[in-house]
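Letters A, B, ... mirror the listed sequences (proteins, then strands); counts begin at 1. Since this is a predicted model, take the numbers as computed values, not measurements. Side-chain atoms are counted along with the backbone in the values below, which use heavy atoms only and exclude waters and symmetry mates.
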Amino acid sequence: MAWFTFLISGTLLAATPLLIAALGEVIVEKSGVLNLSIEGMMSVGAVVAFIVVLYSGSHWLALVAGGMAALALSVIFAFVVLLALGNQVVSGLAVGLFGIGVAGLVGKPYENMTVAPMQRIDVPLLSDIPVLGPGLFHHPLPVYLAPLLAVLLWWMLKYSKVGLVLRAVGESPESANAVGYNVVGVRFLAIIFGGFLAGVAGAFICIASSTLWADGMIAGRGWIVIALVMFAMWRVERVIIGAYLFGAASIGELLVQSAGISVPSQLMTSIPYIVTIVAVSILSMDGKRVRLNAPVSLGRVYLGTH
Amino acid sequence: MRAPWMIEPRTSLSPFLSLVPPLAAVLTTIVGGVVLLTFLGISPGAALFQLFLAPFSSAFNIGEVLLKATPLLLIAQGLAIGFRAKVWNIGAEGQLIVGAIGGSLLPIFYNDSQNPLMIGGMMLIGMLCGMGWAAIAAALRTRFNANEILVTLMLNSLALQLLYYLVGGPLRDPHGFNFPQSALFPDVAMLSLLSSAGRVNTGLLVALAVSVAAWLFVERSLIGYKLQVGGVAPEAARYAGFKESRAIWLSLLIGGAAAGLAGVFEVAGPLGQLQRVVSPGYGFAAIIVAFLGGLNAIGILFAAFFMAVIYVGGNIAQASADVPYAVISILQGMLLIGYIVARVFVDYRVVFPWSLAKVS
């Protein structure tokens, strides 16, 4: 049963950063902004977190620092799309490239160094359950905080005033402005919130799932996050399910190898991408459903008051 | 609270104004690059020289710039046609890779062939493969309404995995000591060099010809016009009976063909074989090139050239001063951010309420 424990444990560990970053991206997209620079933000978060752990030894400080570093990058993105009115697709790619470059540059002296992994906590009693215990209840704390955050955001979007304003801005910025909300301000806050979470996610990958920094270590997870949000049709509850599904798919490679089945590893690595393409195609087939769920102003430039 | 000013789109652009954003972006990048390298402990003069002047310092380096401009030019011309129609093909990198794979099949399986037609066949297969890869996105978009940004992004990752698998197994050189690369191509599978001093090859001429064709297509053909109307005014295009699905297919197939051809030019040019790395991000850089060039065939010519200078300058700085390769990505990002920011001042104008009052 060791493989089963490994499957559960690996899935949780792989899904956590996807969940954290995707939650941020949901908030950003709900406000009507498509942020394609997640990969760059995660990279920056990862490298800064690594350096902070290396010098301070504090993993929590590192998670926050990683988040703040990505937040700084997201301020650039916000400036470009909100004030410079840049096309969101192109701006996201540009800021993302910039971030990947900055991460590579800053991390150059630390390439392939390692740090101590984030401490795992044992959930009392539960972690003693055979098989399931070590798989489910022996993890760094953020693994459990991420779904909590998801529930919180789900509630916020659905029932709180903040959630209502956010959705209004994403659905119809003109009307939100007409009733007195500051569209650019709301979007700015959404973007930096998403940036912070993307940074925390990258930091988690670097100092909890793995313990070394290597250029390109985010390895396309930023793109998976964007896919995940669309796959979830911008609904938080589906983001949670999707994150764990994608997490499971991403460790399938290791699992198959350990089982001694000879499948090309590239095929296993490809599974999340294939799943995304198929799922998005099936989910988008019903155009009405996409229109119902997608924030109406997603990707549109907002010119401000006229 | 109301802002004390209003922003409104400019209705017409003077030719002079439209030159401002790309020039501002280039200037930003040059200044940014010099500042960046200064922080890395290189004197400003040396930084400026290595990044932006050394690429012109010898016939070999100029050849390198032209060599790297070739795929950028090809891909960006193809992408720009789609971008004008608001079809977001972000998958040129994947289409390039699949084109490189397809183009490599002939020289790998007919490795001792002397047939001078081989290079032509490779180009044809590579283009078809790039088109086929892009066609997946077109089919899913038109048939299932699947977002092409997402699908082309995923197809990039898939293409890379496909390449890794093939060069590690089925297409690996059997006499290559298990290195993940194919056999070296025979002479008939290689593009001929344009100059003995560098590595630039006849692919450049093809890219220039494609640029002319792209200009004619966009500015002079009815289909090009229809595509553009679909992008600028989708309602009007629909009213006029221009089908959206046709625009999507055309945009993606043109982009795929160009990127596939660029892939063939890499393996049949500087690489001479299929290997794990066939492109240092040309597919993404070309998106920047397309925008920097104002989605205009002539503008793209200059933009591709400047982007190639960044690649060569970055390589020179890496080799001579141990500057990390990541500087290239930073400069690419800066270039595009600079362009977008400068663009807003040109596309829109700020109107103050008091000036309106004066008019009325």
Need one label for [X]: side chain, backbone, both or neither, based on atoms under 4.5 Å from any heavy atom in chain A.
{"X": "B/Ile90", "answer": "side chain"}
{"X": "B/Ile337", "answer": "both"}
{"X": "B/Phe291", "answer": "side chain"}
{"X": "B/Tyr348", "answer": "side chain"}
{"X": "B/Leu331", "answer": "neither"}
{"X": "B/Leu335", "answer": "neither"}

Do [X] and [Y] come within less than 4.5 Å of each other through their side chains, counting heavy atoms only?
{"X": "A/Trp223", "Y": "B/Leu150", "value": "no"}
{"X": "B/Arg141", "Y": "B/Glu244", "value": "yes"}
{"X": "A/Val102", "Y": "A/Val47", "value": "no"}
{"X": "A/Val183", "Y": "A/Tyr181", "value": "no"}

Heavy-atom pairs under 4.5 Å with chain A, option from B/Gly168, B/Ser329, B/Gly169 with the top count
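Sorted descending by pairs with chain A, the first entry is B/Ser329.
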Is A/Ile282 in contact with chain B via its backbone, its side chain, both, or neither, using a 4.5 Å heavy-atom distance?
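No part of it gets close to chain B.
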Which atoms of A/Leu83 approach chain B - backbone, side chain, both or neither, heavy atom under 4.5 Å
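Only the backbone of A/Leu83 comes within 4.5 Å of chain B.
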Whether over 12 other heavy atoms sit under 6.0 Å from B/Arg84 CZ
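For B/Arg84, atom CZ is crowded (more than 12 foreign heavy atoms under 6.0 Å).
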